[in-house]
Amino acid sequence: MAEIKPFICIRPTADKASKIAALPYDVYNRMEAKQETVREPLSFLRIDRAETSFPDDVGMYEDCVYQKAHDLLWEMVDRGDFVREREACYYIYELTRKGRVQDGLVACASIDDYLGNIIKKHENTREEKEQDRIRHVDCCGAQTGPIFLAYRSKECINRIVKEAKKEAALYDFTAEDGIRHRVFVIRKKEWIETIRQTFQQMKEIYIADGHHRASSAVKVGLMRRKKHPDYDGSEEFNYFLSVLFPDDQLEILDYNRVVKDLNGYTAEEFLQKVRERFDVLPPEKEAIRPQKKGEFSMLLEGRWYVCRIRQEDLSNDPVMGLDVSILQEKLLKPVLGIQDPRVEERIDFVGGIRGLSELEKRTCMDCVVAFAMYPTSIQELFAVADAGMLMPPKSTWFEPKLRSGLFIHQI
């Protein structure tokens, strides 16, 4: 049983929502974050990345940075940049990218469901990344970046969402990257109860994106439980801010690989190694995108090759059957010597949102070979999570990204 509950939201005023809404904190480096806050002084990035308020010689993880995040948040609330709902509601967060629409339900998920594996994971988390968000959430007393969750589509929820979207939108704006954002509120008690009961009948929900934010929110909740041993489970720290999307609306883009050297091989020697392991089509000068699972494209010395995985290398194992796993085990590890892509500095990863032209750019700059992958499917993600397994790093790239600052959950 999944507990997905409505909550009392702190959210921007309608006239400031488009200015406050910001891409997730971890898509920027420090310089880019500072440039963005200069461009838009109301950007929520000022709170998510409060080091932007300090000189560069102040460390990102200094105590003063987290205190600044707290102060900036509650100053904006006190100033009236945000409003606080009077009652617990659900929200619909509609995102439109290139004509494709996806509707997320904004709600709070239970940390007990996370701990009990009703909310399933498919990635490892890193301690240093967790600690940053733990301190941020704890100091601010609020969750500001929603976790991206997915569930198997339910017609009764889809029907309520469709009806609720007939009402006037709270927000409707198109960001600089072309993504349209609309937000609607669900206040009707019968709709709220139907949604809540429908989720209670689900045995699993999945983290699509935001494993570090989810783990951090859960650990803050556990810290608060220790401080309040008389807690009864209803306290807000027992829940974390989420946006839940039906699986049939989600789009996963490719997550591509670029490698900085050929591990001592000449280009011709390396190409021969590839041909020994995959079926390689004749080269083309124009960029080629893989068309189906079991294919990837390789860019080497300005030529594109379609490579096909051989039947004997396919696997029913949820992890080893992934295209990214087969590439790693058949080529990157034994030929290029990349043992652990999580820590190996000779490999880099390029999100599909950047297109194949970015791979061409990288092979002209600092890399010698690139691999364009066919996107991992949401069903593959579910299968890995259901098996209690973990995906290889950089297996999925979700678009569009959820904005921070549109929904705040005070704990």
Side-chain angles (χ1 to χ4, degrees), residues 1-7 9 24-26 88 90 93 104-138 140-152 154 157 195-229 231-247 250 318 378 381-391 395-396 398 402 404 407-411:
M1 290 176 57
E3 177 66 10
I4 302 297
K5 79 180 191 74
F7 70 108
C9 184
Y25 73 96
D26 53 358
Y90 290 122
Y93 185 8
L105 184 76
V106 186
C108 281
S110 164
I111 69 172
D112 287 319
D113 286 348
Y114 179 97
L115 296 169
N117 207 37
I118 292 173
I119 297 174
K120 296 179 178 289
K121 309 90 180 167
H122 67 267
E123 280 184 8
N124 270 325
T125 56
R126 286 170 28 209
E127 178 69 19
E128 67 272 18
K129 287 189 69 175
E130 282 188 16
Q131 283 302 316
D132 170 49
R133 287 301 103 177
I134 287 171
R135 294 179 68 189
H136 191 277
V137 171
D138 193 38
C140 288
Q143 299 153 357
T144 59
I147 287 83
F148 188 151
L149 301 180
Y151 63 95
R152 291 185 174 89
K154 298 293 182 183
I157 296 179
I195 291 171
R196 195 164 189 168
Q197 287 183 8
T198 301
F199 277 109
Q200 285 178 343
Q201 295 167 15
M202 295 185 194
K203 295 181 180 179
E204 59 272 315
I205 292 171
Y206 303 85
I207 299 178
D209 201 7
H211 283 77
H212 287 91
R213 288 191 294 275
S215 180
S216 301
V218 169
K219 288 181 178 179
V220 172
L222 295 176
M223 288 163 50
R224 298 288 175 100
R225 285 181 173 183
K226 284 187 177 180
K227 291 181 181 177
H228 304 278
Y231 77 92
D232 61 17
S234 65
E235 299 85 356
E236 292 302 321
F237 57 71
N238 294 292
Y239 299 88
F240 58 89
L241 180 65
S242 306
V243 184
L244 301 100
F245 290 91
D247 62 335
L250 293 178
I378 190 69
L381 185 155
F382 285 179
V384 171
D386 284 341
M389 304 171 79
L390 299 174
M391 282 186 157
S395 295
T396 57
F398 283 90
L402 307 181
S404 295
F407 314 96
I408 296 171
H409 175 227
Q410 187 174 8
I411 62 172

Requested in this report: Assess whether side-chain contact (heavy atoms from CB on, under 4.5 Å) is satisfied between Phe237 and Val137, documenting all intermediate values.
Outcome: CA-CA 10 Å; Phe237 57 71; Val137 171; over 6 Å; no
Query raised in the report: Distance from Ile147 atom CD1 to Ile205 atom CD1, nearest 0.5 Å?
Result: 13.0 Å
Query raised in the report: What residues form a salt bridge (charged side-chain N to carboxylate O under 4.0 Å, His left out) with Asp209, not counting sequence neighbours?
Result: Lys401
Query raised in the report: Between atom CG of Leu149 and atom CZ of Phe199, what is the distance when rounded to the nearest 0.5 Å?
Result: 9.0 Å
Report summary line: dist Tyr90:OH -> Ile4:CD1 (nearest 0.5 Å) comes out at 7.5 Å
Query raised in the report: Do NZ/NE/NH1/NH2 and the carboxylate oxygens of Arg133 and Asp138 come within less than 4.0 Å?
Result: no
Report summary line: Tightest non-hydrogen contact, residues Val106 and Leu241, listed as CG1-CD1, 4.2 Å
Query - Side-chain donor or acceptor of Arg213 paired with backbone N/O of Phe148 under 3.5 Å - result: no
Query - Shortest non-hydrogen separation from Arg196 to Pro6 and the atoms involved - result: NH1-CD, 3.8 Å
Query raised in the report: Does Lys121 reach the main-chain N or O of Tyr114 with its side chain, forming a donor-acceptor pair under 3.5 Å?
Result: yes
Report task. For Tyr206 and Asp386, test the side chains for any donor-to-acceptor distance below 3.5 angstrom and give the result as yes or no. Result -> yes
Query - Backbone of Leu244 reached by a side-chain donor or acceptor of Ser242 within 3.5 Å - result: no
Report task. Begin from the C-alpha positions of Glu3 and Gln200 and carry the test side-chain contact (heavy atoms from CB on, under 4.5 Å) through to its verdict. Result -> CA-CA 6 Å; Glu3 177 66 10; Gln200 285 178 343; 3.4 Å; yes
**Report entry** Inter-residue atom distance Ile157.CD1 - Thr198.OG1, 0.5 Å rounding
**Finding:** 5.0 Å
Query raised in the report: Strictly by modelled atom types, are Glu236 and His409 linked by a side-chain donor-acceptor pair under 3.5 Å?
Result: yes
Query raised in the report: How close do Pro246 and Leu250 get, heavy atom to heavy atom, and via which atoms?
Result: O-CG, 3.7 Å
Query raised in the report: If every non-hydrogen atom of Ile134 is compared with every non-hydrogen atom of Met223, which pair is closest and at what distance?
Result: CG2-SD, 3.9 Å
Query raised in the report: If you measure from CD on Gln143 to SG on Cys108, what distance do you get to the nearest 0.5 Å?
Result: 6.5 Å
Report task. Starting from the C-alpha separation in whole Å, work towards a yes-or-no answer on side-chain contact (heavy atoms from CB on, under 4.5 Å) for Gln201 and Met1. Result -> CA-CA 5 Å; Gln201 295 167 15; Met1 290 176 57; over 6 Å; no
Query - Glu127 backbone acceptor or donor facing Lys129 side chain under 3.5 Å - result: no
Query raised in the report: Nearest 0.5 Å, what's the CD1-CD1 distance between Ile111 and Ile411?
Result: 9.5 Å
Query raised in the report: Mind checking whether Tyr239 and Phe7 have ring centres under 6.0 Å apart?
Result: no
Query raised in the report: Which pair of heavy atoms, one from Ala150 and one from Ile378, lies closest together, and at what distance?
Result: CB-CD1, 4.5 Å
Requested in this report: Determine, using ring centers only, whether Tyr93 and Phe407 are less than 6.0 Å apart.
Outcome: yes
Query raised in the report: Do side-chain atoms of Asn238 reach the backbone of Glu235 as a donor and acceptor pair under 3.5 angstrom?
Result: yes
Requested in this report: Using atom types as modelled and distance alone, determine if a side-chain donor or acceptor of Ser216 lies under 3.5 Å from a backbone N or O of His212.
Outcome: yes
Report task. For the pair His136 and Thr144, evaluate side-chain contact (heavy atoms from CB on, under 4.5 Å) and give the outcome as yes or no after the intermediate values. Result -> CA-CA 9 Å; His136 191 277; Thr144 59; 4.0 Å; yes
Query - Lys154 NZ: over 12 foreign heavy atoms closer than 6.0 Å - result: no
**Report entry** Closest non-hydrogen atom pair between Pro318 and Ala387, with its separation
**Finding:** CG-CB, 4.0 Å
Report task. Might you work through the salt bridge (Lys or Arg N to Asp or Glu O under 4.0 Å) test for Lys120 and Asp113, ending with a clear yes or no? Result -> CA-CA 9 Å; Lys120 296 179 178 289; Asp113 286 348; over 6 Å; no
Query raised in the report: Looking at side-chain heavy atoms only, is the closest gap between His122 and Met389 below 4.5 Å?
Result: no
